[in-house]
Trainee: 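For reference, the structure I am asking about is given below.
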2 protein chains.
Amino acid sequence: MASRQNKRSAGEISAVAGALDLVDRKILSVLRQDGRLSTNDLSARVGLSPSPCWTRVKKLEASGAIDGYIALINHEAVGLPMTVFAEVTLDRHDDKVLAEFSEALLKIPEVVEAFLVSGDYDYLIKVAVAGTGHYERFLREKLYKIKGIRHSKTTFSLRAIKHSACVDPLLVVG
Amino acid sequence: MASRQNKRSAGEISAVAGALDLVDRKILSVLRQDGRLSTNDLSARVGLSPSPCWTRVKKLEASGAIDGYIALINHEAVGLPMTVFAEVTLDRHDDKVLAEFSEALLKIPEVVEAFLVSGDYDYLIKVAVAGTGHYERFLREKLYKIKGIRHSKTTFSLRAIKHSACVDPLLVVG
DNA sequence: GATGAAAACTTTATAAG
DNA sequence: CTTATAAAGTTTTCATC
């Protein structure tokens, strides 16, 4: 196997099945904003005919560059207009504690996003709630029911300035 | 008009066009995970026949409970696998400064989310980058090019535990 | 609400330039 | 890549129970 030369070298950053060209990125950029465009409309927007456009979309789905299609739900409409960030610090940091804490977060519906982070605290959690009363109950009845929390600090969002689900794939880093 | 009794009282939390029943919430909950289900498949999942199911979806779209449909883009596939949070504090906090800062953030593609918050800092910003080098350039060439920043603090995400775009509408708050 | 039907459009696949 | 074709499925509207 020593003589085999692959197209991609060991350290190269690459997605599941090869790099994306500009047309792929345009397709992703458009679908990122409207996931229900028909092949015809999409192809017109990216400057390609429908047939190869469709093939590319299927490839992007298969390679995992498109992770899925979702409906965006208005949080006010479902009665959860408030966004709160909780910085959580755990007592201990071994694998078992982290795994159990992570699993517990997955089961709490108020928790919309959760990140294990490096810094002054361990987890940054984004929470959707109806109001301060609901958040207080969330802390008492759900978050602090999980064992292992040393402390938490809350930051309330006053206003969402920008709220995209994903980055625009037209951003290419030199 | 004093004698008119509306169904909704003044302080009641309510969405654009009336409350959602359980079937509506089920529809939203399913579409939140698969925004491209056909009316037939969706209606089977929520226990309704296709025709009224379709009517409900259109109503949810028109009322704004469904804010749109999008494709989820894999950040690794587009070369931006790293998520970073920046806590930004501004020099001053008058309306003009906040408005200009907010507008500037909207134009930076690395900024995926941005919230004006109450607490130790003013803005919590979620950033998608290729790596630490890219983040450093983002800070120097983009974030700190915006006037009015007193300081910023960075928190690196080590791992995304939960990553939903929206809350599950089946969560109903008592 | 359920069922059924019809027109327009979309998806998917395939063939030829 | 483009254009073109065609079957199967989906959306949308509308009528009836």
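In what follows, every chain begins at residue 1, and chains take the letters A, B, ... in the order their sequences are listed.
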Trainee: Would you say C/dT11 has OP1 or OP2 under 4.0 Å from some side-chain N or O of A/Thr39?
Mentor: yes
Trainee: Can you tell me how far P of C/dC9 sits from CG of A/Leu37, to the nearest Å?
Mentor: 16 Å
Trainee: Rounded to the nearest angstrom, tell me the gap between atom CZ in B/Arg56 and atom P in D/dT13.
Mentor: 18 Å
Trainee: Which whole-number value in Å describes the distance from B/Leu42 CG to D/dG9 C1'?
Mentor: 16 Å
Trainee: Between B/Lys147 and B/Glu100 (side chain of the first, backbone of the second, donor and acceptor by atom type, cut-off under 3.5 Å), is there such a pair?
Mentor: no
Trainee: For B/Trp54 and C/dG4, give me the distance from atom CH2 to atom C1', rounded to whole Å.
Mentor: 16 Å
Trainee: Using the salt bridge (Lys or Arg N to Asp or Glu O under 4.0 Å) definition, which of the options A/Arg56, A/Lys26, A/Lys59 pairs with A/Asp21?
Mentor: A/Arg56
Trainee: B/Lys26 NZ to C/dG1 P: how many Å, rounded?
Mentor: 14 Å
Trainee: Specify the residue among A/Arg36 and A/Pro52 whose closest nucleotide of DNA chain D lies further upstream toward the 5′ end.
Mentor: A/Pro52
Trainee: Just to be sure I understand the rule, does A/Ser38 reach a base, reach only the sugar-phosphate, or reach nothing, if contact means heavy atoms closer than 4.0 Å?
Mentor: sugar-phosphate
Trainee: How close or far is atom C1' of C/dT11 from atom CG of A/Asp41, stated in whole angstroms?
Mentor: 13 Å
Trainee: Please name the pair of heavy atoms, one in A/Ala165 and one in B/Ala165, separated by the smallest distance, quoted to 0.1 Å.
Mentor: CB-CB, 4.1 Å
Trainee: Choose from C/dT11, C/dG4, D/dT3 the nucleotide whose nearest atom is closest to any side-chain atom of A/Ser51.
Mentor: D/dT3
Trainee: Verify the distance criterion only: is there a donor paired with an acceptor across the side chains of A/Tyr123 and A/Ser102 at less than 3.5 Å?
Mentor: yes
Trainee: Expressed in angstrom and rounded to an integer, what is the separation of B/Lys59 atom NZ from C/dG1 atom P?
Mentor: 7 Å
Trainee: Measure CG/B/Leu48 against C1'/C/dT3 and give the value in whole Å, please.
Mentor: 13 Å
